[in-house]
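Counting from 1, the numbers follow the sequence of the chain as shown. Worth knowing before you read on, the calculation uses all heavy atoms, side chains too, and leaves out hydrogens, waters and symmetry mates.
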Amino acid sequence: MKDFSEYIICSDYDGTLDFGGVCERNVYAINYFISHGGRFTLCTGRRGEGFYLGKKRDFEINAPIIGLTGAQIYDGATEKVVEQYCLEDNWAELVEDIIACIDYMQVLEFVGINETVKINTSDKDECRRVLHSWEKEKLYKITGYTDYNNSPIDSRLAEICFGKCNLTSNGYTTYEITRSGVDKGRGALKVKDLVGAKKLICVGDFLGDISMLKIADVSYAVENAIDEVKAVADKITVHAAKGAIAEIVEDIAGSKI
């Protein structure tokens, strides 16, 4: 019988586990991996509690979720946030700089402890109103949605954020701002320690996943990952839609499952 008790798999969700849905092959592999002692969780830009509250899942999760690009660790077993890392209290000043210096269309999403609000930066009055009412709030992260046609992180944005926060991206037209030093890699290491796993396996597809791939004991990029992710991964697995997690479990097992 296979024994995966030493392992924890941390998988990105969108574009890695889910690609137009979670395929049956992945569902079977995850549940098989867990039933044979392994730990499986997600490392995602989404809220961790969202995978438990009102969301139907066919696959099990048996370790705390690293949510909000590393800013939150949520334990579904206890329905509690285990750890949270909020932006510095002066985050509104950073937003004002972004609004003033970036001229392409943006929608900024402020992800607070309990609530989320969006503003369109072209509506200056609304921006001022929201910043005034939210500037004392604790934020997990800020997500920017843009119509910029090149990299989601352009040089002006990188310059504004340099030394003030962690800046990354989980998609072609979005960027993510979290507290300095807070990323998926830090979260994955924390969860590895929480569950007492000896070997951390990470898999992803986009820029936000690079930090966890770099610290993993073994890292994988899905076939549909961007080149920057493939460059840092130890191994390239199949396309997300074809059962990447199943391929990883079989790679660990050394045989078909």
Given 3.5 Å as the limit, does a donor-acceptor pair link the side chain of Arg39 with the main chain of Asn62, or not?
yes
Any side-chain heavy atom of Val182 sitting closer than 4.5 Å to one from Lys141?
no
Do the side chains of Glu115 and Trp134 get nearer than 4.5 Å, heavy atoms only?
yes
When you measure from the side chain of Asp18 to the backbone of Asp14, do you find a donor-acceptor pair of N or O atoms at a distance under 3.5 Å?
no
Under a 4.0 Å threshold between the charged nitrogen and the carboxylate oxygen, would Arg186 count as salt-bridged to Asp183?
no
Can you find a heavy atom in the side chain of Val95 that is under 4.5 Å from one in the side chain of Phe110?
yes
Side-chain donor or acceptor of Lys184 paired with backbone N/O of Ile210 under 3.5 Å:
no
List the steps and the verdict of side-chain contact (heavy atoms from CB on, under 4.5 Å) for Tyr175 and Leu207.
CA-CA 10 Å; Tyr175 60 84; Leu207 296 175; over 6 Å; no
Working to the nearest 0.5 angstrom, can you tell me the gap between Leu68 CG and Tyr140 OH?
7.0 Å
Work out which heavy atom in Ser11 is nearest to a heavy atom in Thr16; give both atom names and the distance.
OG-CG2, 3.6 Å
Check whether more than 12 heavy atoms from other residues, nucleotides or ligands sit under 6.0 Å from atom CG of Asp89, and answer yes or no.
no
Side chain to side chain, Ile177 and Ile98, heavy atoms closer than 4.5 Å
yes
Considering non-hydrogen atoms only, spot the tightest contact between Asn166 and Gly181 and give its length.
CB-N, 4.4 Å
Using a 4.5 Å cut-off on heavy atoms from C-beta on, say whether the side chain of Glu126 contacts that of Asn120.
no
Determine yes or no for a side-chain-to-main-chain donor-acceptor pair under 3.5 angstrom, with Thr41 supplying the side chain and Pro64 the backbone.
yes
Where does the angle between the aromatic ring planes of Tyr32 and Phe4 fall among parallel (under 30°), tilted (30 to 60°) and perpendicular (over 60°)?
perpendicular
Whether the side chain of Thr146 engages the backbone of Gln106 through a donor-acceptor N/O pair (distance < 3.5 Å, no angle test) should be reported.
no
Please report the closest heavy-atom contact between Gly204 and Asp209, naming both atoms and the distance.
CA-OD2, 3.4 Å
Starting from Ile30, can I reach Tyr220 by hopping between I/L/V/M/F/W/Y residues whose side chains sit under 4.5 Å apart?
yes
Got more than 12 heavy atoms from elsewhere within 6.0 Å of NZ, Lys230?
yes
Within the distance-only criterion (no hydrogens, no angle test), does the side chain of Asp205 pair as donor or acceptor with the backbone N or O of Asn224 below 3.5 angstrom?
no
Contact summary for Cys10 and Ala188, nearest pair of heavy atoms
SG-CB, 4.2 Å
Would Lys190 and Tyr85 count as a cation-pi pair here, with the cationic atom under 6.0 angstrom from the ring centre and within 45° of the axis?
no
Can you tell me how far the CG atom of Leu189 sits from the SG atom of Cys202, to the nearest 0.5 Å?
8.0 Å
Nearest 0.5 Å, please: how far is CD in Glu93 from CD in Glu135?
9.0 Å
Between Tyr74 and Tyr52, what is the ring plane arrangement, given parallel below 30°, perpendicular above 60°, and tilted in between?
tilted
Check for a donor-acceptor pair, side chain of Trp91 on one end and backbone N or O of Glu137 on the other, with a separation under 3.5 Å.
yes
Test item: Lys199 side-chain N/O and Val218 main-chain N/O as donor-acceptor pair under 3.5 Å
no
In this structure, would Phe19 and Val238 fall into the same cluster of hydrophobic residues linked by side-chain contacts under 4.5 Å?
no
Report the distance from atom NZ of Lys124 to atom CD1 of Ile119, rounding to the nearest 0.5 Å.
9.0 Å
Over all heavy atoms of both residues, which pair between Lys198 and Asp217 is shortest? Give the atoms and the distance, please.
O-OD2, 3.6 Å
Show your reasoning for whether side-chain contact (heavy atoms from CB on, under 4.5 Å) applies to Phe206 and Thr174.
CA-CA 11 Å; Phe206 216 78; Thr174 68; over 6 Å; no
Take Glu159 and Arg156, measure what salt bridge (charged side-chain N to carboxylate O under 4.0 Å, His left out) needs, and give me the verdict at the end.
CA-CA 5 Å; Glu159 184 177 349; Arg156 291 171 294 174; over 6 Å; no
Contact between Thr173 and Tyr145 at the side-chain level, heavy atoms closer than 4.5 Å - yes or no?
no
Nearest-0.5 Å distance, CG of residue Asp97 to SG of residue Cys161
9.0 Å
Side-chain donor or acceptor of Asn26 paired with backbone N/O of Ala246 under 3.5 Å
yes
Would you say Ile73 and Val191 make side-chain contact, with heavy atoms under 4.5 Å?
yes
Cluster overlap Leu42 with Val195, hydrophobic side-chain contacts below 4.5 Å:
no
Where do Glu49 and Glu79 land on the side-chain contact (heavy atoms from CB on, under 4.5 Å) test, with the steps shown first?
CA-CA 7 Å; Glu49 58 266 42; Glu79 298 184 354; over 6 Å; no
Heavy-atom donor-acceptor pair, Arg57 side chain to Phe51 backbone, under 3.5 Å:
yes
Linked, directly or transitively: Ile252 and Phe59 (ILVMFWY side chains, under 4.5 Å):
yes
Can you confirm whether the side chains of Thr237 and Glu247 place a donor and an acceptor under 3.5 Å from each other?
no
Heavy-atom closest contact (Ile102 atom, Leu157 atom, distance):
CD1-N, 3.9 Å
Are Leu167 and Phe162 close enough that some pair of their side-chain heavy atoms sits under 4.5 Å apart?
no
Is the closest side-chain donor-acceptor distance between Asn170 and Thr69 under 3.5 Å?
yes
Using the side chain to side chain contact (heavy atoms under 4.5 Å, CB included) definition, which of the options Ile65, Val81, Val111, Ile66 pairs with Gln72?
Val81
Hydrophobic clustering (ILVMFWY, side-chain heavy atoms < 4.5 Å, transitive) - are Ile99 and Val117 grouped together?
yes
From Ile257 atom CD1 to Lys2 atom NZ, the distance as rounded to the nearest 0.5 Å:
10.0 Å
